Amino acid sequence: MAHTFLLESGRWTLQGNWLERNGMPIIVKGKTLVAWRENWFTMVTQLMFPDSDRENITFQYRGRLDLGERQYTFVLQHNLLGRVEGEGWIAPESIVQRYWVLGDRQRRSGFETMHRLTDNQYYMSSSILAGHYLTSMMEVTLERQPE
């Protein structure tokens, strides 16, 4: 089973829910753009919260994945967390990423799983932790947009 998200260039939309500790779910929508040049990828994601006064969240990834490999590394600039490093694993049915915020006193880190439903649709679940405690999570459906 070949993955289309992350492993191929493309435009994706996402929508679902954002949850924070002791809060009600908030609707989240967004867009992701993935581009490749040789063994390097860039991915830019913007999350928007249409029914909330919550600030948009922007992620700018740059990573490397050698042909035939199942593991990759990336750096990320996050408008709320700052500089982030991470790693990803590509499994037959899903893509899993773990990341950590550099120089962060709160020891924040995160975890994401993108499960392939079809070539054009993935289900993503992600969480952000501060130390050992969950601070937020997101569950969304990603849909590839036609070229």
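Being a predicted model, the structure only gives us computed values, none of them experimental.
Its side chain within the 4.5 Å cluster rule, Leu19 clusters with Met137 among the Ile, Leu, Val, Met, Phe, Trp and Tyr residues.
Taking Gln121 as the reference, Glu143 meet the side-chain hydrogen bond (donor to acceptor under 3.5 Å, both in side chains) condition, with sequence neighbours excluded. In terms of the side-chain hydrogen bond (donor to acceptor under 3.5 Å, both in side chains) criterion, residue partners of Gln145 (sequence neighbours excluded) are, by chain and number, Thr13. Listed by chain and number, the residues in a ring pair (Phe, Tyr, Trp, His ring centres under 6.0 Å) with Tyr122 are His3, Phe5, Trp12 (sequence neighbours excluded). Under the salt bridge (Lys or Arg N to Asp or Glu O under 4.0 Å) criterion, Glu20 pairs with Arg54, not counting sequence neighbours. Taking Asp66 as the reference, Asn39, Arg64, Glu69 meet the side chain to side chain contact (heavy atoms under 4.5 Å, CB included) condition, with sequence neighbours excluded. For Trp100, there are no ring pair (Phe, Tyr, Trp, His ring centres under 6.0 Å) partners at least two apart in sequence or on another chain. Judged as a side chain to side chain contact (heavy atoms under 4.5 Å, CB included), and not counting sequence neighbours, the contacts of Glu8 are Thr4, Arg144.
A 4.5 Å side-chain heavy-atom check between Ser136 and Trp18 finds at least one atom pair inside the cut-off.
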Side-chain donor-acceptor pairs under 3.5 Å in residues 70-81, sequence neighbours left out?
{"residue": "Arg70", "atom": "NH1", "partner": "Ile90", "partner atom": "O", "Å": "3.0"}
{"residue": "Tyr72", "atom": "OH", "partner": "Gln97", "partner atom": "OE1", "Å": "2.8"}
{"residue": "His78", "atom": "ND1", "partner": "Leu80", "partner atom": "N", "Å": "3.1"}
{"residue": "His78", "atom": "ND1", "partner": "Leu81", "partner atom": "N", "Å": "3.0"}
{"residue": "Asn79", "atom": "OD1", "partner": "Thr58", "partner atom": "N", "Å": "2.8"}
{"residue": "Asn79", "atom": "ND2", "partner": "Asn56", "partner atom": "O", "Å": "3.1"}

Distance-only donor-acceptor pairs under 3.5 Å for side chains of residues 28-37, two or more places apart:
{"residue": "Thr32", "atom": "OG1", "partner": "Thr45", "partner atom": "OG1", "Å": "2.9"}
{"residue": "Trp36", "atom": "NE1", "partner": "Leu6", "partner atom": "O", "Å": "2.7"}

Just list the side-chain donor-acceptor pairs under 3.5 Å for residues 123-133, sequence neighbours left out, or say none.
{"residue": "Tyr123", "atom": "OH", "partner": "Glu139", "partner atom": "OE1", "Å": "3.3"}

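Within 6.0 Å of CH2 in Trp40 there are more than 12 heavy atoms belonging to other residues, nucleotides or ligands. For CG of Leu102, the number of neighbouring non-hydrogen atoms (other residues, nucleotides, ligands) closer than 6.0 Å is greater than 12.
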Val84/Tyr61 under side chain to side chain contact (heavy atoms under 4.5 Å, CB included): CA gap, chis, key distance, verdict: CA-CA 9 Å; Val84 175; Tyr61 292 80; over 6 Å; no
Phe49 vs Ile57, side chain to side chain contact (heavy atoms under 4.5 Å, CB included): CA-CA, chis, key distance, verdict: CA-CA 9 Å; Phe49 304 90; Ile57 300 174; 3.9 Å; yes
Derivation and outcome, side chain to side chain contact (heavy atoms under 4.5 Å, CB included), residues Asn17 and Met138: CA-CA 6 Å; Asn17 295 292; Met138 181 175 68; over 6 Å; no
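Here OH of Tyr99 is found 10.0 Å from CZ of Arg108. Values are rounded to the nearest 0.5 Å. Here the CD-CD distance, from Gln60 to Gln46, works out to 10.0 Å after rounding to the nearest 0.5 Å. Atoms CZ and CE, from Phe59 and Met43 in turn, are 9.0 Å apart once rounded to the nearest 0.5 Å.
Cluster annotation: Phe111 and Leu47 are assigned to distinct hydrophobic clusters (Ile/Leu/Val/Met/Phe/Trp/Tyr, side-chain heavy-atom contacts under 4.5 Å, transitive).
Residue pairs satisfying the salt bridge (charged side-chain N to carboxylate O under 4.0 Å, His left out) criterion with at least one member in residues 38-48, sequence neighbours excluded, are absent.
Although no hydrogens or angles enter the test, the distance criterion places no donor-acceptor pair under 3.5 Å between the side chain of Arg83 and the main chain of Val101.
Minimum heavy-atom separation, Ser94 to Thr113: CB-CG2, 4.2 Å.
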